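Working notes for the structure below.
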Amino acid sequence: MSLRLYNTLSRTKEDFAPLDPKNVRMYVCGPTVYDYAHIGNARPAIVFDVLFRLLRHLYGAGHVTYVRNITDVDDKINARAAERGISIRELTEETWRIYNDDVSALGCLPPSVTPRATEHIPEMIAMIETLIAGGHAYAAEGHVLFDVSSKADYGKLARRSLDDMIAGARVDVAPYKKGAMDFVLWKPSETGTPGWDSPWGRGRPGWHIECSAMAGKYLGETFDIHGGGIDLVFPHHENEVAQSECAHHGHPLARVWMHNGFLNVEGEKMSKSLGNFVTIREHLPANDAFGGRSWDGVTLRLAMLRSHYRQPIDWTVSGLVQAETILKRWKGVFRIVAVPRDSNESPPDAFLSALRDDLNIPRAVAEMHALADKGRHGDFDAAKGLYQAGKLLGINWDDVLSPQSASEVAQAVAALGDEDGSIAAAIAARKEARKAKNFAEADRIRDELLAQGIILKDGPDGTTWEIKR
RNA sequence: GGCCACGUGGCGGAGUGGUGACGCAGCGGUCUGCAAAACCGCGUACCCCGGUUCAAUUCCGGGCGUGGCCUCCA
């Protein structure tokens with residue numbers, strides 16, 4: 001029952017063995033809270049949520065600690081708050097609340113700890129002092145900088161040498177830096193921007209130090225897994241490694257580094273200038289900004305999980321439609337075979353072994369299709385296995401199995417003004433007509449609904465409806 | 001320019017030195033008052049050029065293409 005994970009440090013899949021099986025520890029870089037999270041931000045949230053669930057399954061729910069930070073001090077935050085004329089605190093609170101709602105709609109569990117940068121300034125200052133004392137950092141003009149030349153193996157995670165980086169540098173080097181690649185641990189704050197008193201004057205932390213300080217506080221000097229988007233490998237994670245290892249007597253920061261691939265939208269990089277920038281929220285019911293309609297959180301989740309986490313993913317309307325179709329098909333299995341919703345049995349081995357192979361979720365989903373096929377033919381164990389498998393992936397079966405999905409109801413209300421339940425009334429009228437063998441009238445009602453975009457489906461348990469796609 | 005990924009059928013997407021994963025779409029059929037759904041059946045894919053090998057989509061080299069990082073962007 002081994003777990004294999006691809007380690008960015010070694011660029012190979014390795015057998016995973018936690019330092020302490022009673023407390024498996026994972027840190028993932030969380031959001032900078034200044035604006036709605038975009039769909040690319042959803043990827044690490046979902047991917048590492050699945051890993052969290054898998055670790056809980058393998059080691060026990062009480063034996064995994066998952067830390068995901070909140071970056072609530074940042075120049076983008078300052079700029080946005082000023083722009084909107086609200087306080088920084090108001091902005092970060094509001095954005096954090098929205099982020100939580102969004103990732104929760106995507107089926108993500110709350111992490112064990114969600115530390116805020118602004119509540120860990122003393123820890124950061126202490127770490128910076130340690131680095132200065134150890135000869136790894138220096139103060140200059142109100143800044144404190146990390147001296148990369150003080151760490152012989154700087155660049156080992158990203159696999160790039162200092163010489164290459166300096167040669168390829170395209171930015172002017174600040175005059176107070178000793179080395180071109182030295183990075184900021186602490187910087188001065190002018191009046192009006194957030195700042196804290198420190199041995200180097202009033203200032204605020206650099207980007208990387210918060211993760212080192214908070215990871216150290218909640219997970220110890222060395223922990224098991226550190227995750228994030230692949231774009232963070234350099235400089236963010238490389239600098240975290242440098243800071244933490246130098247502050248912790250050379251002890252490694254994380255044993256396994258995991259990075260999710262990037263997301264494109266309809267084949268193009270998502271950007272505001274291309275006009276394809278889309279937030280998580282814009283996909284969800286009551287909004288219709290992606291493909292001109294709304295989508296259920298569980299659909300977004302499955303669409304995200306259909307690609308291997310290290311592969312690039314192309315976020316498309318067609319991909320979401322496919323995910324939605326799959327969920328509809330799985331839903332059908334439980335109309336044939338009812339399974340208990342409360343059992344906590346383990347999913348089948350074939351499914352689990354796919355996940356244990358570096359989180360091969362596409363293969364795990366293929367196993368679910370096999371289970372669904374058997375389930376449709378009345379195999380109770382297979383149907384139950386499908387249910388458990390979905391549960392481990394964080395599929396919200398309650399949403400999937402409701403007669404009409406939230407996105408369908410939202411669209412019906414928006415397009416037809418169905419607040420009064422006119423669809424249900426029409427279905428009842430048609431039922432009477434069919435009972436009286438007045439098929440002409442029954443078909444007329446059905447056609448009328450179809451013209452409004454509602455498809456009726458007669459099943460053994462009565463008639464249900466769907467939005468026509 | 002430097003470094004790093006990736007390139008699989010109409011579409012999405014695993015995987016492997018040698019029997020065409022899987023899903024969506026499509027086509028044919030069964031069932032149903034008619035539909036929808038469901039069910040059954042149907043597919044000679046691995047960017048190009050060399051090399052290694054009995055055998056390469058899978059390994060090696062080169063090329064082309066796409067994307068990422070080198071600018072506090074997941």
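By convention in this document, chain letters (A, B, ...) are assigned in the order of the sequence lines, proteins followed by strands, and residues within each chain are numbered from 1. Any value given below was found using the heavy atoms of this structure, including those in side chains, with hydrogens, waters and symmetry copies removed. What you see is a predicted model; the values in this text were computed from it and never measured.
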Can you measure [X] atom [atom1] to [N] atom [atom2] for me and round it to whole angstrom units?
X: A:Arg306; N: B:C24; atom1: CZ; atom2: P; answer: 8 Å
X: A:Asp314; N: B:A74; atom1: CG; atom2: P; answer: 20 Å
X: A:Ile326; N: B:A38; atom1: CD1; atom2: P; answer: 13 Å
X: A:Gln311; N: B:A74; atom1: CD; atom2: C1'; answer: 17 Å
X: A:Ile313; N: B:G13; atom1: CD1; atom2: P; answer: 7 Å
X: A:Leu449; N: B:C34; atom1: CG; atom2: P; answer: 21 Å

* For A:Arg444, which contact category applies under a 4.0 Å heavy-atom criterion: base, sugar-phosphate, or nothing? -> nothing

* Asked: Heavy atoms under 4.0 Å, any strand shown: does A:Gly40 hit a base, just sugar-phosphate, or nothing?
  -> base

Report the nucleotide, chosen from [options], that has the shortest atom-to-atom distance to any side-chain atom of [X].
X: A:Arg446; options: B:C34, B:C73, B:A38; value: B:C34
X: A:Ala366; options: B:C22, B:C34, B:A36; value: B:C22
X: A:Asp443; options: B:C34, B:C11, B:C22; value: B:C34
X: A:His308; options: B:G23, B:A14, B:A74; value: B:A14

Is the phosphate of [N], meaning OP1 or OP2, less than 4.0 Å from a side-chain N or O of [X]?
X: A:Arg335; N: B:C39; result: no
X: A:Arg329; N: B:C24; result: yes
X: A:Lys269; N: B:G68; result: yes
X: A:Thr325; N: B:C24; result: no
X: A:His259; N: B:C69; result: no
X: A:Arg160; N: B:C70; result: no
X: A:Asn264; N: B:U66; result: no

Which heavy atom of [X] sits nearest a heavy atom of [Y], and at what distance?
X: A:Phe52; Y: A:Ser112; result: CZ-OG, 4.1 Å
X: A:Ala433; Y: A:Ala442; result: CB-N, 3.9 Å
X: A:Trp186; Y: A:Val184; result: O-CG1, 3.3 Å
X: A:Leu131; Y: A:Ala247; result: CD2-N, 3.6 Å

[N] and [M]: how far apart are their [atom1] atoms, nearest whole angstrom?
N: B:U52; M: B:C60; atom1: P; value: 16 Å
N: B:A45; M: B:G10; atom1: C1'; value: 12 Å
N: B:G43; M: B:A21; atom1: C1'; value: 14 Å
N: B:C11; M: B:A5; atom1: C1'; value: 23 Å
N: B:G65; M: B:C48; atom1: P; value: 15 Å
N: B:C46; M: B:A56; atom1: C1'; value: 11 Å
N: B:G7; M: B:G12; atom1: P; value: 13 Å
N: B:A38; M: B:C4; atom1: P; value: 48 Å

* To do: Identify the residue among A:Asp35, A:Asp75, A:Asp74 that makes a salt bridge (Lys or Arg N to Asp or Glu O under 4.0 Å) with A:Arg80.
  =>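 Exactly one candidate clears the test, A:Asp35.
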
* Is A:Glu83 paired with A:Lys76 through a side-chain N to carboxylate O contact shorter than 4.0 Å? ->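 Looking at A:Lys76 and A:Glu83, the cut-off is not met.
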
* To do: Name every residue in residues 104-118 of chain A that has at least one heavy atom under 4.0 Å from any atom of RNA chain B, in order of residue number, or write none if there are no such residues.
  =>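 Listed by number, there are none.
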
I'd like a table of donor-acceptor pairs (distance under 3.5 Å, sequence neighbours excluded) in which one partner is a side-chain atom from residues 366-379 of chain A, with atom names and distances.
{"residue": "A:Asp373", "atom": "OD1", "partner": "A:Arg376", "partner atom": "NH1", "Å": "2.9"}
{"residue": "A:His377", "atom": "ND1", "partner": "A:Asp373", "partner atom": "O", "Å": "2.8"}
{"residue": "A:Asp379", "atom": "OD1", "partner": "A:Asp381", "partner atom": "N", "Å": "3.1"}
{"residue": "A:Asp379", "atom": "OD1", "partner": "A:Ala382", "partner atom": "N", "Å": "3.0"}

* Row check, A:Phe234 ring normal vs A:Arg160 NZ/CZ: under 6.0 Å, within 45° ->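 Because its charged atom sits under 6.0 Å from the ring centre and within 45° of the axis, A:Arg160 does stack over A:Phe234.
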
* Asked: Could A:Arg310 and A:Tyr6 be counted as a cation-pi pair, given that NZ or CZ must be under 6.0 Å from the ring centre and within 45° of the axis?
  -> yes

* Asked: Is the aromatic ring centre of A:Phe262 closer than 5.5 Å to the centre of the six-membered base ring of B:G67, with the two planes inclined by less than 30°?
  ->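 Not stacked: fails the 5.5 Å / 30° test.
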
